[in-house]
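Small disclaimer: the values here were computed from a predicted structure and weren't measured.
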Amino acid sequence: MRCFRKRSTIPVLGVLIICLMFMNLYIEDEYVLEEEAKHLKDTSTHPLGSDRYIHTFKNLSNLSPSINVKYRILAGMPLSRKRYLTIGLSSVKRKKGNYLLETIKSIFEQSNYEELKEIMVVVHLAEFDSSWCESIVQDISRKFSHHIIAGKLTIIHTPMEFYPMLEGLKRNYNDPDDRVKFRSKQNVDYAFLLNFCANLSDYYVMLEDDVRCSRNFLTTIKKVITSRKGSSWVTLEFSKLGYIGKLYHSHDLPRLAHFLLMFYQEMPCDWLLIHFRGLLAQKDTIRFKPSLFQHMGYYSSYKGAENKLKDDDFEDDAFDIPDNPSASLNTNMNVFENYEPIKAYSSTEEYFWAKSPSSGDFYHIAFERPIKINKIKVCTGTEDRQNDILHHGTLEVGERVIGNKKGKKCTTYLRLGDFKNGNFEMENIDRKVLFNIDCIRILVTKNQIEWLIIKSISIWTTEPMNQ
């Protein structure tokens, strides 16, 4: 695990300064990396809150959409056709072990033929030892030549001349000099990788170079993205470890690359990513369960230290993932804070939470198009709030949508059944309901004093969904 570290308290003042400075990233203009590297070197010995640093950041705010850096393409070449997902890996020479080839193998082996059409893998060999790079390129080319020829795998390298200063950096958190250099260079490695991948696909997921994948992970990712259509998000997480399984919109990659370069010496990459997400108004972590990626290395890329961390939420074959088709969600319940309806309509750790519901209150789902449904499962309450369940309620399906986007509903509804102990589950619905379903309505049938948590709503369709 390359980024994982025990968290420390980050001074509030520093966070506020970062927030104010990062607002300038929306300004776009011509800029070249040589000048950017010069400014980064100039700021390497100045504290984050200093006037010189703020002035330097304002100079850097005139950023072009991408960083002007010359890459060496060591193998493969991205095709002109834009893919659905780019998978990025950054790798360096390790003192012990090398898991890069196994990681690439897992990506391709755990994807079916249709999924392989939609992915692009980019490996950034971020090592200045040219003989090591040549050796790794030869190994990858021998084992994955067909994927390289097909344009599914590209290997790149960024020459040392484009890197900012990596010596004499600030020793934040009392880290030793070599640790500061390692994590600072790692931030720059990732920045260059993100910059290269910015226009290759609609979405981008970052992996580390010692990871194995769940079977059909792309199909699962597409289902999650589809279920969150219409909601705003910056980062979706498919692993709880380090910089593994973090998904972004590709249009955010240039900004993220610049952000990592701005603050490359300040803190480890996984901490910077939390700030980036927050600055773009995603306050909470959105993490999917089960995890789709697992750390498999035994030795860290930092000094070869032992690192046996495992994600206990990982499932090798997450075959029973719900489809949750695109839909408009609304409710007339008194929603608590930001526990909005969308937070129940996914397989993440979020949930919908409303204050004491009354008889007649509802949670409504209106699909973008009529669908056939095989199975519906709704869970209410949580382990720590076991009484915040739907004590008296029913689930209905409807047809013929009317209304606008904010208040869609169906003209007729069919009751499927009641909630029992706060849960509802039914299979073979397509055999019981003869019409294509436009809506699902969860209806409260009796006043309750307790608040209501809808932890998850899972829907499996009869026909494959168009993602």
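In this structure, the separation between NZ on Lys355 and CE on Met333 is 14.5 Å, given to the nearest 0.5 Å. Residue Cys269 holds its SG atom at 7.0 Å from OH of Tyr243, rounded to the nearest 0.5 Å. Note that CG of Asn387 is 6.5 Å distant from CD1 of Ile389, once rounded to the nearest 0.5 Å. Taken from CD1 in Ile373 to CD1 in Ile437, the straight-line distance is 4.0 Å, to the nearest 0.5 Å. If you take CD on Glu102 and CD1 on Ile107, they are separated by 11.5 Å, rounding to the nearest 0.5 Å. One distance of note links CD of Glu237 with NZ of Lys289; it measures 13.0 Å at 0.5 Å rounding.
No more than 12 heavy-atom neighbours from other residues, nucleotides or ligands sit within 6.0 angstrom of CZ on Arg431. Heavy-atom contacts from other residues, nucleotides or ligands closer than 6.0 Å to CG of Asn421 number 12 or fewer. Taking a 6.0 Å sphere around NZ of Lys432, one finds it holds more than 12 heavy atoms contributed by other residues, nucleotides or ligands. More than 12 heavy atoms of other shown residues, nucleotides or ligands fall within 6.0 angstrom of atom NZ in Lys117. Remark: Asn199 CG is loosely packed, at most 12 non-hydrogen atoms of other residues, nucleotides or ligands lying under 6.0 Å away.
The residues Glu118 and Arg83 are annotated as not salt-bridged, no charged nitrogen and carboxylate oxygen being separated by less than 4.0 angstrom. The residues Lys229 and Glu368 are annotated as salt-bridged, a charged nitrogen and a carboxylate oxygen being separated by less than 4.0 angstrom. Look at Asp284 and Lys343 and you find a salt bridge, because one of the NZ, NE, NH1 or NH2 atoms lies within 4.0 Å of a carboxylate O, short of that distance.
The cationic group of Lys185 does not satisfy the cation-pi geometry with Tyr264, failing either the under 6.0 Å distance to the six-membered ring centre or the 45° limit from the ring axis. The cationic group of Arg287 does not satisfy the cation-pi geometry with Phe238, failing either the under 6.0 Å distance to the six-membered ring centre or the 45° limit from the ring axis.
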**Asked** What's the verdict on side chain to side chain donor-acceptor pair (under 3.5 Å) for Glu115 and Asn216, showing C-alpha distance, side-chain angles and the deciding distance?
**Response** CA-CA 8 Å; Glu115 291 168 333; Asn216 303 125; 3.0 Å; yes
**Asked** Yes or no on side chain to side chain donor-acceptor pair (under 3.5 Å) for Asp209 and Ser91, after CA distance, side-chain angles and deciding distance?
**Response** CA-CA 6 Å; Asp209 63 349; Ser91 188; 2.7 Å; yes
**Request:** Give the intermediate values and the outcome of ring-ring contact (aromatic ring centres under 6.0 Å, His included) for residues Tyr339 and Phe352.
**Result:** CA-CA 5 Å; Tyr339 292 87; Phe352 166 76; 9.1 Å; no
**Request:** Check the pair Thr394, Arg441 against side chain to side chain donor-acceptor pair (under 3.5 Å), reporting the backbone distance first and the verdict last.
**Result:** CA-CA 8 Å; Thr394 187; Arg441 182 168 67 181; over 6 Å; no
**Request:** Please assess Tyr71 against Asn195 for the test side chain to side chain donor-acceptor pair (under 3.5 Å), listing each intermediate value before the final yes or no.
**Result:** CA-CA 10 Å; Tyr71 298 93; Asn195 180 67; 2.8 Å; yes
**Asked** Please walk me through it: do Leu390 and Val444 pass side chain to side chain contact (heavy atoms under 4.5 Å, CB included)?
**Response** CA-CA 7 Å; Leu390 181 53; Val444 180; 3.9 Å; yes
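Judged by distance alone, the side chains of Thr462 and Asp430 do bring a donor and an acceptor atom under 3.5 Å apart. For the residue pair Tyr363 / Asn332, no side-chain donor-acceptor distance below 3.5 Å is found, with atom types taken as modelled.
Side-chain N or O atoms of Thr382 include one that pairs as donor or acceptor with a backbone N or O of Arg385 at under 3.5 Å. Judged by distance alone, with hydrogens and angles left aside, the side-chain atoms of Asp323 form no donor-acceptor pair with the main-chain N or O of Pro325 at under 3.5 Å. With hydrogens and angles disregarded, no donor-acceptor distance shorter than 3.5 Å links the side chain of Ser214 to the backbone of Leu292. Judged by distance alone, with hydrogens and angles left aside, the side-chain atoms of Glu109 form no donor-acceptor pair with the main-chain N or O of Ser111 at under 3.5 Å. Within the 3.5 Å criterion, the main-chain N or O of Val234 finds a donor-acceptor partner in the side chain of Gln282. A distance-only check finds no donor-acceptor pair linking the side chain of Tyr413 to the backbone of Ile440 [under 3.5 Å]. Between the Ser90 side chain and the Tyr190 main chain, no donor and acceptor come within less than 3.5 Å of each other.
Closest heavy-atom contact between Asn330 and Lys408: ND2-O, 3.6 Å. The shortest heavy-atom contact between Lys372 and Val433 is NZ-O, 4.4 Å. Ile221 approaches Phe293 most closely through the heavy-atom pair CD1-CZ, 4.3 Å. The shortest heavy-atom contact between Lys223 and Pro322 is CD-O, 3.2 Å. Gly393 approaches Thr445 most closely through the heavy-atom pair N-OG1, 3.4 Å. Taking every heavy atom of both residues into account, Cys410 and Glu399 meet most closely at CB-O, 3.3 Å.
Side chains of Cys197 and Leu200 form a contact here, defined as non-hydrogen atoms less than 4.5 Å apart. Within the 4.5 Å cutoff, no side-chain heavy atoms of Thr226 are placed close to those of Asn324. Looking at Ile149 and His146, their side chains never come closer than 4.5 Å, going by heavy atoms from C-beta outward. The side-chain heavy atoms of Asp388 and Tyr351, taken from C-beta on, include no pair separated by under 4.5 Å.
Aromatic pair Phe196/Phe192: ring centres not closer than 6.0 Å. In this structure, His249 has its ring center closer than 6.0 angstrom to the ring center of Tyr203. Here the two rings, on Phe108 and His147, have centers that are under 6.0 Å apart.
Shown here are the side-chain contact (heavy atoms from CB on, under 4.5 Å) partners of Lys375, two or more places apart in sequence or in another chain: Asp320, Glu425, Glu427, Trp460. For Ser231, the side-chain contact (heavy atoms from CB on, under 4.5 Å) test picks out Arg228, Trp233, Ile342, with sequence neighbours left out.
For the side chain to side chain contact (heavy atoms under 4.5 Å, CB included) criterion with Ile457, the lone passing option out of Leu395, Thr380, Ile365 is Ile365.
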